[in-house]
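Here the structure comes first, spelled out in structure tokens, and everything after it is commentary.
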Amino acid sequence: MEQPRKPRPPKTVAGDGWELLTRIRGPRDLDRLGPEQLDKLAAEIRTFLVDAVSKTGGHLGPNLGVVELTIALHRVFDSPRDKVLWDTGHQSYVHKLLTGRQDFSRLKAKGGLSGYPSRAESDHDVIENSHASTVLGWADGLAKANEVLGRGDHVVAVIGDGALTGGMAWEALNNIADAKDRPLVIVVNDNERSYAPTIGGLANHLATLRTTDGYERFLARTKEVLERTPVVGKPLFDTLHGAKKGLKDFIAPQGMFEDLGLKYVGPIDGHDLEALESALSRAKRFGGPVIVHCLTEKGRGYQPALQDEADRFHAVGKIHPDTGLPIASSGLDWTSVFGEEMVKLGEEREDIVAITAAMLQPVGLDRFAKVFPDRVYDVGIAEQHGAVSAAGLATGGLHPVFAVYATFLNRAFDQVLMDVALHRCGVTFVLDRAGVTGTDGASHNGMWDMSILQVVPGLRIAAPRDADQVRAQLREAVEVDDAPTVVRFSKGAVGPAVQAVGRIGGMDVLRTPEDAERPDVLIVSVGALAPMCLEVAELLDAQGISATVVDPRWVKPVDEALAPLAERHRVVVTVEDNCRVGGVGAAVSQALRDAGVDVPLRDFGIPPRFLDHASRKEVLAEIGLTAPDIARQVTGLVAKLDGRYESEAVEPARD
């Protein structure tokens, strides 16, 4: 069994200018600082973050907004004995700095700090990088464990207002509120945003809390006036105080939380350390579930972030720290190609509508929203609701296109299966960031979609290999009105077009061998891996092994023409940017068996394990999903068929 990595000793890259920050080796070092020093530390942290993240890329805006909040949390609570939990974790950089991790030189790179909490890095990290809206469920379980085991430890869950749009958060709140004397502190980090501005009824409710005078302030003023009123003053004040709940709901509707049985503290200025520590200390002493509502400013202290209306520099690449401008353009990317084609489709068809789950810009729907503002729906961080709503839209006569990161569709599987597919609804799911994404780590690799969706009856999956195919296959997908369709593509820059040299059935032929009566190898290339598959064929050709390369385009269902084509080859090889378990390779293997085609098949893909953060290229090399690795193994397989040992086969040349 692979042993977990041991935490490396903390190393700082902070030098001159980080006078206080370099003295913080752990949370208890904060106890020695006075108010002025704490303010100076907050300023140092913001300067450090801008300097460090501008060099590496990462989640900048969210972390600039939680500097004082994180300092206050670690002064009031005793981590790691007390458990401080971060929802999603993209706002945990300050937490890392205060727990002894100040080497940000390789943030999100192989061997460097994760962009999220990481148990391998520190005992202070509990949740790694699971998806949004889950932290309250974690907190509920940990608080119950403390109760059963008789521990006096505290559990603190930090959740953004955007994450409260997720249904899981409210399921957890319902359970948390059931135990009035079970200690649990919920910190709502309310910056009016998840990626973009938070939307929906809850967002409006929190906005009301932000802009309405609180009950306590009103009551204090009322008491002052009435106590000066003879005879009727005090009785009237007592009456008002007795009517506290109704009056509070009228003046500041935090009653929604208290109706659930949760004590509410706030709203608190999330950049006022004294106020934060006071509120958190009161919540800590309460002895039951408490919500502390903190108002923070995403991107605080960095003018380029504050001026970015789209997402306040939620996540950035390498930028110029003074201007916030990107250092280099990555060229045309898959997301932009989709976004541009969606606008064209919207102009051609009035029934096309778009759905996003709090990620309008990251999935490329911002352009569509500008042109067709009444035809785009942001459901918040609620993928399950988005899928069911899409079924309703389709049943109502529209064709919804639900654009979402591939990894996030995992959360809506039951709705895709039972609401969309069962009812034969014409819904198109566009999966961005499919396959290995790399630097964001385990939870953001889109490596499961083609496996879990294989079991959905009637659903069709397209895997475009280039920009031209994104445009073409998106159009093919929205023409289907009696079943769900899926279009998946990679993260980042899209390469040159890969031209087909022919067509067999619905498959594009990308390469045919010369002068081969029965070619040795049929390579089935899936999506963006087409250039690599062509490289594999060239390496095999150099060893005297002939190869055909086909792109199925639609990988589910398996094209009927594939089985007879496979029968004309000695070996079939599938190459996919998806988990090998239950993926395209498995589906092709089953299709060949069902057709009675007995040809050896070797499937190449992602192994069934969680992948550490690194660049996409580094991850692919680590798992053996490169042209030389594949060619070497296929060469060995063909050698066995020829009666030679693998060691006798000549290895293909490496770069």
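Side chains included, hydrogens not; waters and symmetry mates left out as well; all remaining heavy atoms used.
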Worksheet item: Would you say the side-chain atoms of Ser133 pair up with the backbone N or O of Met168, donor to acceptor, closer than 3.5 Å?
Response: no
Item to complete: Show your reasoning for whether salt bridge (Lys or Arg N to Asp or Glu O under 4.0 Å) applies to Asp190 and Lys298.
Response: CA-CA 9 Å; Asp190 180 6; Lys298 190 173 184 178; over 6 Å; no
Worksheet item: Between Ala406 and Gly446, which heavy-atom pair has the shortest distance, and what is it?
Response: CB-CA, 3.9 Å
Discussion item. Are the side chains of Leu409 and Val416 in contact, using a 4.5 Å heavy-atom criterion?
Written reply: yes
Discussion item. Using a 3.5 Å distance criterion without hydrogens, assess whether the side chain of Asp269 forms a donor-acceptor pair with backbone atoms of His271.
Written reply: yes
Worksheet entry | Note, Val265 side chain near Arg282 side chain (heavy atom, < 4.5 Å) | yes
Worksheet item: Would a 4.5 Å heavy-atom cut-off, applied to side chains only, mark His293 and Pro267 as touching?
Response: yes
Worksheet item: Does the side chain of Arg25 come under 3.5 Å of the side chain of Thr99 through a donor N or O and an acceptor N or O?
Response: no
Worksheet, complete the sentence: Value for CG (Leu30) from CD1 (Ile24), rounded to nearest 0.5 Å, stands at 4.5 Å
Discussion item. Quick one: does any side-chain atom of Gln102 pair with a main-chain N or O of Leu21 as donor and acceptor, under 3.5 Å?
Written reply: yes
Worksheet item: How close do Ala143 and Pro183 get, heavy atom to heavy atom, and via which atoms?
Response: CB-O, 3.8 Å
Discussion item. If you define the side chain from C-beta out and look only at heavy atoms, does anything of Val187 sit under 4.5 Å from Leu73?
Written reply: yes
Discussion item. Check whether Arg433 reaches the backbone of Thr407 with its side chain - one donor and one acceptor, N or O, closer than 3.5 Å.
Written reply: no
Fill in: Atom of Gly270, atom of Leu276 and distance for their closest heavy-atom approach
O-CD1, 3.3 Å
Fill in: Residues His444 and Tyr405: side-chain donor-acceptor under 3.5 angstrom
no
Worksheet item: With a 4.5 Å heavy-atom cut-off, do Glu121 and Leu113 have their side chains touching?
Response: yes
Discussion item. Can you tell me how far apart CG (Asp87) and CD1 (Ile127) are? Round to the nearest 0.5 Å.
Written reply: 7.0 Å
Item to complete: Check whether more than 12 heavy atoms from other residues, nucleotides or ligands sit under 6.0 Å from atom CD of Gln303, and answer yes or no.
Response: yes
Discussion item. Please check this pair: side chain of Lys96 against backbone of Ser114, looking for a donor-acceptor N/O pair closer than 3.5 Å.
Written reply: yes
Worksheet item: Is the side chain of Asn63 donor-acceptor paired with the backbone N or O of Ser92 at a distance under 3.5 Å, no angle test?
Response: yes
Worksheet entry | Approximate separation, where rounding is to 0.5 Å, of Asn146 CG and Arg182 CZ | 10.0 Å
Discussion item. Looking at every heavy atom in both Ile159 and Ala169, which two are closest together, and how far apart are they?
Written reply: CD1-CB, 4.1 Å
Worksheet item: How about Tyr116 and His59: are their ring centroids closer than 6.0 Å?
Response: yes
Worksheet item: Are Lys40 and Glu44 close enough for a salt bridge, meaning some N to O gap below 4.0 Å?
Response: yes
Practice prompt. Working to the nearest 0.5 Å, report the span between OG of Ser79 and NE2 of His154.
Written response: 13.0 Å
Worksheet item: After noting the C-alpha distance and the side-chain angles of Gln384 and Asp414, does the key distance pass the side chain to side chain contact (heavy atoms under 4.5 Å, CB included) rule?
Response: CA-CA 8 Å; Gln384 291 175 288; Asp414 186 65; 5.8 Å; no
Worksheet item: Do Ile45 and Leu97 come within less than 4.5 Å of each other through their side chains, counting heavy atoms only?
Response: yes
Discussion item. The test is salt bridge (Lys or Arg N to Asp or Glu O under 4.0 Å); show your working for Asp153 and Arg81 and say whether it passes.
Written reply: CA-CA 6 Å; Asp153 305 347; Arg81 186 178 64 84; 3.1 Å; yes
Worksheet item: Shortest non-hydrogen contact from Gly301 to Leu306?
Response: N-CD1, 4.3 Å
Fill in: Phe104 and Tyr93 aromatic ring geometry - parallel, tilted or perpendicular at 30°/60° bounds
perpendicular
Item to complete: Would you please say whether a donor-acceptor pair under 3.5 Å links the side chains of Asp378 and Thr356?
Response: no
Practice prompt. Would you please say whether a donor-acceptor pair under 3.5 Å links the side chains of His95 and His74?
Written response: yes
Worksheet item: Does a side-chain N-to-carboxylate-O contact under 4.0 Å join Arg151 and Glu147?
Response: no
Practice prompt. Taking all non-hydrogen atoms of both residues into account, name the closest pair between Leu107 and Gly57 and its distance.
Written response: CD2-O, 3.7 Å
Worksheet entry | Evaluation steps, side chain to side chain contact (heavy atoms under 4.5 Å, CB included), between Glu68 and Cys294 | CA-CA 11 Å; Glu68 291 85 2; Cys294 301; over 6 Å; no
Practice prompt. Taking atom NZ of Lys318 as the centre, report whether more than 12 heavy atoms of other residues, nucleotides or ligands fall under 6.0 Å from it.
Written response: no
Discussion item. Would the distance check show the side chain of Gln37 and the main-chain N or O of Gly34 forming a donor-acceptor pair, the cut-off being under 3.5 Å?
Written reply: yes
Worksheet item: Side chains of Thr296 and Asn189: is there a donor and an acceptor less than 3.5 Å apart?
Response: yes
Discussion item. Can you tell me how far apart CG (Leu33) and CZ (Arg23) are? Round to the nearest 0.5 Å.
Written reply: 7.0 Å
Worksheet, complete the sentence: d(Phe408 CZ, Asp432 CG) to nearest 0.5 Å is 10.5 Å
Practice prompt. Look only at the side chain of Ser54 and the backbone of Val50, and say whether a donor-acceptor pair between them is shorter than 3.5 Å.
Written response: yes
Item to complete: Taking the side chain as every heavy atom from C-beta outward, state whether Arg101 and Ser122 have any pair of such atoms under 4.5 Å apart.
Response: yes
Worksheet item: Is any side-chain heavy atom of Val155 closer than 4.5 Å to a side-chain heavy atom of Val185?
Response: no
Worksheet entry | Stepwise side chain to side chain contact (heavy atoms under 4.5 Å, CB included) test for Phe77 and Lys284 | CA-CA 8 Å; Phe77 295 96; Lys284 180 179 179 179; 3.8 Å; yes
Worksheet item: Should Thr70 and Leu98 be marked as a side chain to side chain contact (heavy atoms under 4.5 Å, CB included) after you check the CA-CA gap, both sets of side-chain angles, and the distance that decides it?
Response: CA-CA 8 Å; Thr70 310; Leu98 300 181; 4.0 Å; yes
